[in-house]
Structure formats: structure tokens, C-alpha cells
Amino acid sequence: IKKNKNQKILINIGSLNDQKNQIDILKALKILKLKQCKYKMYFIGDGKNYYKLRNFVNINKLEHVHFLGNQINPYKFLNNSDIFILSSKWEGTPNVLMESECLKIPIISSDCKTGPKELKNHGFNIELYRSGNYDELANKIINFKTKIVKNNNSALKSFNKTNSKNLNKLFI
């Protein structure tokens, strides 16, 4: 992934299935294309919806969307992105949000059942959008500004300190 000042590097990591709801991201990207916003979108993962998603990309000529499949080391891609996007309809504990936070990657996430809102309430740098509302997601991407969040939560600081050391080893 090569960064460019004039385009946002977006990433999603997860199974390509109905729960993860990546079609919302693609519909938002269609809006970005119409508004002539520059981006590159990377999907890391595999699953039963791959062909459905790929077909949507082809039909809508979303030429800056890349499917990378499963990756042994997704962190090198995550670390080089501007925004992580979680589009899930529901989650348990969204580990990928915690990993993104450790790497200080800003997050836009669906306000799905359990996970994102709770992490935001504990100081994670997450912008929430209503699950299924791809217009709102597109606006969040267009207007997203990287922000530094001062966090006084000692549990989160400890989590970040411990996990950042472990994750940094994976960038080689």
C-alpha cells in the first residue's frame, strides 16, 4: 500500500460474509466515486460473498477497490492505511478494532450490536455510523479528519502499551 496525500487509504479486515456487511462499504464508495473523492480501498479476508462483492465492484466500475484475500500478516496493510472501516451488522468482541486502536489507525464503524459503541465509550478513536446507512458512511469517509484523542483510561493505556509492542513485531 502506497500512501498519497490526495487520496485516503481505506481498509477492512474480516470474513466476506453477510455479518460483516462489506456491501455497505462498496455502496459508500460508489457515492465517493460520484463525488470524485480519491481513495483506495483494501479488503483483507475471504468468504462466501467474494463473488457478489467483486461483481458489485465490476458493475459500478470501482477501479480503486482491491481484494487481497487472507493475509498471514494483515498488520503491515493496516499500519499503512488512513482509516479502518468496520461495517458489521453485529459483533462479539471486535478484536480488529482493538488492533486498529493499538496502531493508532482511526476507525469508522457501524453502530452494530455490541462492541464498537462500548469501545468508543472507553476512549477509542471511533466514528460511528448507523448500520446499513451507507450514505452516512460515505459522508463520514469524506469528512473524516484524523484526530488525536487524549485518553486518561489507564486500562486502555495498558492495553495499548502491551499490544503495540506485540503488533510492532509483525511489521517486518
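Quick caveat, the model's predicted, so the values are computed rather than measured.
- Within the 4.5 Å cutoff, the side chain of Ser15 has no heavy atoms near those of the Asp46 side chain.
- For Gln22 and Asn12, the side-chain atoms include at least one donor-acceptor pair closer than 3.5 Å.
- Cluster annotation: Val96 and Trp90 are assigned to distinct hydrophobic clusters (Ile/Leu/Val/Met/Phe/Trp/Tyr, side-chain heavy-atom contacts under 4.5 Å, transitive).
- Hydrophobic clustering (side-chain heavy atoms under 4.5 Å, transitive across Ile, Leu, Val, Met, Phe, Trp, Tyr) groups Leu16 together with Leu62.
- Separation of atoms CD1 (Ile126) and CD (Glu118) is listed at 9.5 Å; rounding is to 0.5 Å.
- Rounding to the nearest 0.5 Å places CD of Glu127 at 10.0 Å from CG of Asn143.
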If you apply the rule salt bridge (charged side-chain N to carboxylate O under 4.0 Å, His left out), what do you find for Lys20 with Glu91, and how did you get there? CA-CA 8 Å; Lys20 300 300 184 182; Glu91 279 291 335; 2.7 Å; yes
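- Interatomic distance, CG of Asp82 versus CZ of Phe144, reported as 9.5 Å (0.5 Å rounding).
- By the ring-ring contact (aromatic ring centres under 6.0 Å, His included) test, His66 pairs with Tyr42, sequence neighbours left out.
- A salt bridge is defined here as a Lys NZ or Arg NE, NH1 or NH2 lying under 4.0 Å from an Asp or Glu carboxylate O, and Asp135 with Lys27 fails to meet this definition.
- Heavy atoms only, all atoms of each residue included: Glu136 and Leu128 are closest at OE2-O, 4.0 Å.
- Under the 4.5 Å side-chain heavy-atom criterion for grouping Ile, Leu, Val, Met, Phe, Trp and Tyr, Tyr75 is connected to Met98 within one hydrophobic cluster.
- For the atom pair SG (Cys112) and CZ (Arg130), the distance works out to 15.0 Å, reported to the nearest 0.5 Å.
- For Lys30, the side chain to side chain donor-acceptor pair (under 3.5 Å) test picks out Asn60, with sequence neighbours left out.
- Side-chain contact between Phe43 and Leu68 is absent, with no heavy-atom pair separated by less than 4.5 Å.
- Note: the hydrophobic cluster containing Tyr51 also contains Ile23 (ILVMFWY, side chain heavy atoms under 4.5 Å, direct or indirect links).
- Between Asn21 and Ser110, every side-chain heavy-atom pair lies at or beyond the 4.5 Å cut-off.
- Lys35 and Asn139 get closest at one heavy-atom pair: NZ-OD1, 3.8 Å.
- Nearest heavy atoms, Ile107 versus Glu101: CD1-N, 4.2 Å.
- Once rounded to the nearest 0.5 Å, the distance linking CG of Leu10 with CD1 of Ile85 reads 4.5 Å.
- Heavy-atom neighbours of Tyr134 OH from other residues, nucleotides or ligands within 6.0 Å: at or below the threshold of 12.
- Closest approach of Asn70 to Gly45, counting heavy atoms only: OD1-CA, 3.4 Å.
- There is no side-chain donor-acceptor pair under 3.5 Å between Asn55 and Asn58.
- Using the six-membered ring where Trp is involved, His64 and Tyr39 have ring planes that are perpendicular, over 60° apart on the 30 and 60° scheme.
- A salt bridge links Lys117 with Asp111: at least one charged nitrogen is closer than 4.0 Å to a carboxylate oxygen.
- The structure places OG of Ser109 at 4.0 Å from CG of Leu86, a figure rounded to the nearest 0.5 Å.
- Note: the hydrophobic cluster containing Ile141 also contains Phe56 (ILVMFWY, side chain heavy atoms under 4.5 Å, direct or indirect links).
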